[in-house]
Amino acid sequence: MKTLLAAIDLEQESMLVVNRAVELAVRLKASLHLVHVVDDALTLYEPMVEISVRHRLKKAAEMALQGFFDLAPDDVKARGGCHVLLGKPYQTLGKTVEALKADLLIVGRHHIEPLRDLFVGTTAERLLRHCDIPLLMVSTDATDTYEHVLAATDFSRSSHHALKAALWLAPEAEIRLVHVFDPPFTGLVHHDQQDIDDMIRQQQERITREIKTEMAHFMAEDDQSRIRPDIMAGGVQACLNNAVALHGPQLLVLGTHGRHGIGRLLIGSVATSFLSTLPCDVLVAR
C-alpha cells in the first residue's frame with residue numbers, strides 16, 4: 001500500500017489539495033494523511049502571555065484540519081489520519097515524510113505564493129532540496145483522473161524518477177514525453193537553411209533513438225505503448241510553453257536535477273515565469 005501526505009495551510013483553497021489527494025487515495029487505494037504545520041516562529045513570545053499561544057494555535061488548527069479530513073470517504077479516513085505539528089514547516093514535513101514512509105507529498109499552489117519565490121528559499125524550495133519523494137503541486141480545482149500527461153526528459157536520473165512517478169499516479173494516461181534541444185549552428189551565417197534543417201532532422205533522429213533506448217533500459221517493466229516521444233528544437237521555456245498550449249495536459253512532469261536543458265527550467269527567472277502561468281498541476285521529482 002502506498003502512502004500520500006497532503007500538507008495544507010487550512011485556507012479555503014486547501015480544498016483543491018484535499019480533493020486531489022482524496023481522488024488519488026481512492027483510485028490508488030493508498031493511505032492518506034493530512035498535515036498542517038504551525039510555524040514555531042508564531043510562538044516565539046509565548047512566555048510573555050498568560051495563555052499558551054502554542055496550545056491555542058494547535059487546538060484551533062486541529063479542529064480546522066479535522067473538518068477537512070471529515071470530508072473524505074470513510075474508507076480513506078480509515079486508512080489514514082490528520083496531524084497538526086509544530087516546527088519549521090520544511091523540516092517538520094521532511095521528518096513526517098520519513099516517519100510515515102510517504103511516497104508522495106502533495107501541496108497547493110497557494111502554499112508557494114508568491115510563486116516567483118518558489119526556488120529562492122521558500123518551504124517548497126527546501127522540500128524539493130531535502131525531500132527524496134516526488135512533490136505534486138496542485139493548481140486547479142479539477143479532480144478528474146489524470147489522462148493527459150506531459151513529461152519533460154533530458155535523460156537524467158531525475159527526469160526518469162519523475163516519469164516513473166507519473167506512471168504510478170496516472171496508470172492509464174497517455175504520456176507525451178518531450179525532449180528539448182538547441183538547434184546546432186543556427187547562429188552561423190555561412191550555413192544555409194537547408195543545411196540547418198538537415199542538421200536538426202539528424203539531431204531529432206538521434207534523440208529519438210536515445211529516448212527509445214532510455215525507455216527500453218529504465219522502463220522494461222512499464223507499459224511503454226502509452227508513452228509518445230516528442231522532440232522539439234529551440235529554447236526550453238518556449239518549447240514547453242508551446243507544448244502545454246498545444247496539448248493541454250492535466251499534469252506536467254519535471255525533474256529537478258537535469259543533465260541538459262531541462263535542468264535550467266527549475267532555476268531562476270525561467271522557472272518563475274513558466275510556473276507562474278502554468279494552467280495545470282505539476283509533478284516534480286529529484
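These figures come from a predicted structure and were not determined experimentally.
Checking side-chain atoms of Asp103 against main-chain N and O of Lys2 turns up no donor-acceptor pair under 3.5 Å. Remark: the backbone N or O of Thr153 is paired with a side-chain donor or acceptor of His179 at under 3.5 angstrom. No donor-acceptor pair closer than 3.5 Å links the side chain of His161 to the backbone N or O of Ala285. Within the 3.5 Å criterion, the main-chain N or O of Thr140 finds no donor-acceptor partner in the side chain of Arg20.
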Between Leu254 and Leu252, is the side-chain contact (heavy atoms from CB on, under 4.5 Å) condition met? List the steps.
CA-CA 7 Å; Leu254 303 168; Leu252 178 67; 4.1 Å; yes
side-chain contact (heavy atoms from CB on, under 4.5 Å) evaluation trace for Val282 with Ser139
CA-CA 8 Å; Val282 185; Ser139 64; 5.7 Å; no
Show the numbers, then the answer: is there a side-chain contact (heavy atoms from CB on, under 4.5 Å) between Leu169 and Val149?
CA-CA 10 Å; Leu169 281 185; Val149 176; over 6 Å; no
In sequence, state the C-alpha distance, the side-chain angles, and the governing distance for Val244 and Leu150, and then conclude on side-chain contact (heavy atoms from CB on, under 4.5 Å).
CA-CA 8 Å; Val244 169; Leu150 181 66; 3.7 Å; yes
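Nearest heavy atoms, Leu105 versus Ile133: N-CD1, 3.6 Å. Between Cys239 and Ala233, the shortest heavy-atom distance links the atoms SG-O, 3.6 Å. Taking both residues in full, the closest heavy atoms of Leu10 and Ala64 are given as CD1-CB, 4.0 Å, listed atom of the first, atom of the second, then distance. Residues Cys82 and Leu65 come closest through the heavy atom pair CB-CD2, 3.6 Å. Heavy atoms only, all atoms of each residue included: Leu283 and Ala166 are closest at CD2-N, 3.6 Å. Listed here is the closest heavy atom pair of Ala21 and Ala6: CB-CB, 4.0 Å.
Atom CD of residue Glu98 and atom CG of residue Asp132 lie 8.0 Å apart, to the nearest 0.5 angstrom. Atom CG of Leu71 is separated from atom CZ of Phe69 by 10.5 Å, given to the nearest 0.5 angstrom. With rounding to the nearest 0.5 Å, the separation of OG1 in Thr145 from CD in Gln250 is 8.0 Å. With rounding to the nearest 0.5 Å, the separation of CG in Leu251 from SG in Cys280 is 6.5 Å. Distance NE2/His36 to CD/Gln66: 14.0 Å, rounded to 0.5 Å.
Evaluation of the side-chain contact (heavy atoms from CB on, under 4.5 Å) rule for Thr96 yields Leu5, Val35, Leu85, Thr92, Leu100 as partners, not counting sequence neighbours. Not counting sequence neighbours, the partners of Asp230 by the side-chain contact (heavy atoms from CB on, under 4.5 Å) test are Arg176, Val178, Met232, His247. Listed by chain and residue number, His33 satisfy the ring pair (Phe, Tyr, Trp, His ring centres under 6.0 Å) test with His83 (two or more places apart in sequence, or in another chain). Applying the side-chain hydrogen bond (donor to acceptor under 3.5 Å, both in side chains) rule to Glu205 yields the partners Arg201; only residues at least two apart in sequence or on another chain are considered. Every residue meeting the side-chain contact (heavy atoms from CB on, under 4.5 Å) condition with Ala151, not counting sequence neighbours, appears here in chain and number order: Leu163, Ile175, Leu177, Val253. A search for salt bridge (charged side-chain N to carboxylate O under 4.0 Å, His left out) contacts involving Glu174 returns Arg228, not counting sequence neighbours. In this view, Lys95 satisfies the side-chain contact (heavy atoms from CB on, under 4.5 Å) rule with no residue, not counting sequence neighbours. Arg27 meets the salt bridge (charged side-chain N to carboxylate O under 4.0 Å, His left out) test with Glu23; sequence neighbours excluded. Judged as a salt bridge (charged side-chain N to carboxylate O under 4.0 Å, His left out), and not counting sequence neighbours, the contacts of Lys59 are Glu62. For Asp74, the salt bridge (charged side-chain N to carboxylate O under 4.0 Å, His left out) partners are Lys77, not counting sequence neighbours.
The side-chain contact (heavy atoms from CB on, under 4.5 Å) with Leu104 is formed by just one residue from the set Leu135, Leu4, Thr3; it is Leu4.
Contact of the Val37 side chain with the Leu86 side chain is not registered, since no non-hydrogen atoms from C-beta on lie closer than 4.5 Å. Put simply, the side chain of Leu16 does not reach to within 4.5 Å of the side chain of Thr143, judged on heavy atoms.
Both Val26 and Leu34 belong to a single network of hydrophobic side chains, linked directly or stepwise wherever heavy atoms of I, L, V, M, F, W or Y lie under 4.5 Å apart. In the hydrophobic clustering of ILVMFWY residues, with side-chain heavy atoms under 4.5 Å counting as a link, Met15 and Ile106 come out together.
Sorted by first and then second residue, the salt bridge (Lys or Arg N to Asp or Glu O under 4.0 Å) pairs with a member in residues 137-152 form an empty list; sequence neighbours excluded.
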